[in-house]
Every structure is written in structure tokens, then in C-alpha cells.
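Because the structure is predicted, anything quoted here is derived from the model rather than measured.
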Amino acid sequence: MTATHFRLQNVSIAPQLEAMMPSPEPSVAEVQEAIIELLRTEEIGILATIDADGRPSASYMHFASDGLVVYTHTFSYTRKHVQMQRNPDVSYTMSYLPPSGYAGRRETRYLQIQGRATLVTDPAEIQRVVELSLEQFPWAADTSMYDNIKVPDQGQQVFYRIEPVEGLWSDNRIRLLWRVLLEFGDGGKTITNVEDYNVAVGRRARH
């Protein structure tokens, strides 16, 4: 094999090798920034509430985010409203799944959150959520969905604020199946601790 041939081979495989190299471990601040980015760019997630018999009930929902705190819109006659009024403990998941499917797996990332849902009753906060929703969902500007939302005892449309308590963040951009457990503080506005998932479940020793 000539030196020229060797150099050409190295050039041809360099991009593949670079793509396989994991990124450095992110800081807590970088994890928080990545999660906020996902929450602001993806609008559809799955919300799980608890029914009267203690069984989970899942629904596709639109989520508008204010940092790490999210809001979701529903109606007072829905089962999820009744369930969240009875039990505010909820869970939701959101993800970015590349259009190329498996070929784009190194861009996949997802968030799983356990949190508490609170009915929004303050008119100023309701208006703030409407503004956040219109910013995040451009299509909503062409609808009348948010034109006449009132406080809960004056209308059927309602917003819930979901403050995260614990969660899981997976980001294949770091490396495949890279996952961390999350703890939140300050009413869910900040991430206070990140723990390697494999360490937490005993698949890797603590140092």
C-alpha cells in the first residue's frame, strides 16, 4: 500500500470516525439548555394522568413552555381535567425523532417528566400562557382557539401549569443511549442535580 493510498483511506474514513466519537459530558447548565430547546421547538407530547382507580390515562397534548415549566390547554368537561383536579401528580414525555428514522438515530433525544399540575386561575398568567402558545404554535394565529379564554369558573377552556419534580433526559447527540436522571428545584424552574442513569440503576459502579 502506498503512502498516497493510505492518506486517501484516512481521508475517506475520517468523517465516519468523527461521527462515531461521543461528545464531551455536558454540564448541568448545558443539559438544562438542551431541554428548554426541545420544549420550545416540539409542541406535541403525551400527558399521563391518574384516574379514580389509580390507573394511568394517556393523551396527546400541545405543550407551551416557559423555560422548564410547561402549560397545556384542555376543557373543563374532559376526563384529564377531572383527573388532574382529583390528583395533580402527572407525567409527560416529549421527543425529537429525526425524519430519517434509524439513520438519524444520533440526533434522537427525549424527555420524561414526573410533575405536578396546577389549574391556572390568575388572569395575568392566563394571558401570559396565551402569548407563549401563540409564539410557539404559529398555526394558532389563524384560529380562534385562544381568542376568548377566561378564568376557569367563567368558561370551559382551561390551562394547566406543570412544574417538573423529577425526570429523565436522553440525548443521542452525546452518545447512543446517553441518559441522565433529573432533579428540579425552585418550583421546577431549574435543574438542581443530574445523575448518570446507568449508575443510578446499578449498571455502572459509582466512583
Side-chain angles (χ1 to χ4, degrees), residues 28 31-32 34-36 38-97 109-134 136-137 140 145-146 148-170 179-195 197 200-201:
V28 173
V31 168
Q32 179 166 310
I35 291 172
I36 290 173
L38 177 82
L39 291 172
R40 288 299 292 169
T41 54
E42 300 298 319
E43 64 179 82
I44 301 293
I46 298 176
L47 174 71
T49 54
I50 305 298
D51 70 12
D53 297 319
R55 295 174 299 200
S57 177
S59 306
Y60 277 105
M61 302 291 288
H62 287 85
F63 290 91
S65 76
D66 186 5
L68 296 170
V69 175
V70 301
Y71 292 89
T72 191
H73 168 263
T74 187
F75 296 86
S76 59
Y77 52 78
T78 62
R79 64 177 186 174
K80 66 182 72 68
H81 169 71
V82 173
Q83 290 166 359
M84 286 188 286
Q85 285 294 285
R86 183 185 297 116
N87 185 344
D89 293 327
V90 299
S91 180
Y92 73 85
T93 183
M94 297 187 73
S95 63
Y96 172 74
L97 301 176
R109 47 207 182 269
Y110 63 83
L111 176 68
Q112 299 173 359
I113 289 293
Q114 293 172 303
R116 292 183 67 82
T118 302
L119 182 67
V120 180
T121 59
D122 177 59
E125 186 175 6
I126 291 173
Q127 182 57 39
R128 169 65 175 151
V129 182
V130 169
E131 293 171 358
L132 287 171
S133 300
L134 291 174
Q136 190 165 341
F137 316 142
M145 180 181 298
Y146 300 118
N148 194 33
I149 296 182
K150 304 174 182 178
V151 293
D153 60 353
Q154 296 179 10
Q156 293 185 327
Q157 298 187 74
V158 294
F159 282 115
Y160 275 89
R161 178 179 65 252
I162 301 176
E163 298 172 357
V165 177
E166 295 181 348
L168 181 148
W169 172 242
S170 176
R179 292 172 289 182
V180 289
L181 298 179
L182 311 168
E183 294 179 10
F184 297 84
D186 189 23
K189 296 177 182 178
T190 59
I191 296 175
T192 57
N193 188 52
V194 170
E195 183 176 8
Y197 177 83
V201 300

Interatomic distance, CG@Leu47 vs NE2@His62, rounded to 0.5 Å, equals 13.5 Å
Main chain of Leu111, side chain of Thr93: is a donor-acceptor contact present, judged purely on distance under 3.5 Å? yes
Given the rule in the side-chain hydrogen bond (donor to acceptor under 3.5 Å, both in side chains) test, do Gln85 and Tyr160 qualify, once you have shown the distances and angles that lead to the verdict? CA-CA 10 Å; Gln85 285 294 285; Tyr160 275 89; 2.9 Å; yes
Does the side chain of Gln32 reach to within under 4.5 Å of the side chain of Thr190, using non-hydrogen atoms? yes
Judged by atom type as modelled, is there a donor-acceptor pair below 3.5 Å linking the side chain of Ser170 to the main-chain atoms of Arg109? no
With a 4.5 Å cut-off on side-chain heavy atoms, are Leu132 and Arg40 touching? yes
Side chain proximity check, Val194 to Trp169, heavy atoms < 4.5 angstrom: no
Side-chain (Asp53) to main-chain (Arg55) donor-acceptor, under 3.5 angstrom: no
Backbone N/O of Leu39 and side chain of Gln136: donor-acceptor pair under 3.5 Å: yes
Check whether any side-chain heavy atom of Thr49 sits under 4.5 Å from a side-chain heavy atom of Asn87, and report yes or no. no
Indicate the ring-plane relationship of His73 and Tyr146, choosing parallel, tilted or perpendicular according to the 30° and 60° boundaries. perpendicular
Using the rule side-chain contact (heavy atoms from CB on, under 4.5 Å), only one of Val28, Leu168, Asn193, Val31 pairs with Leu182; which is it? Val31
Is any side-chain heavy atom of Arg116 less than 4.5 Å from a side-chain heavy atom of Asp89? yes
Is it true that a side-chain atom of Ser91 and a backbone atom of Ile113 form a donor plus acceptor pair closer than 3.5 Å? yes
Heavy atoms of Lys189 and Leu68 approach each other most closely as O-CD1, 3.5 Å
Kindly indicate whether the side chain of Ile191, heavy atoms from C-beta on, has any atom under 4.5 Å from the side chain of Phe184. yes
Side chain to side chain, Glu125 and Tyr71, heavy atoms closer than 4.5 Å: yes
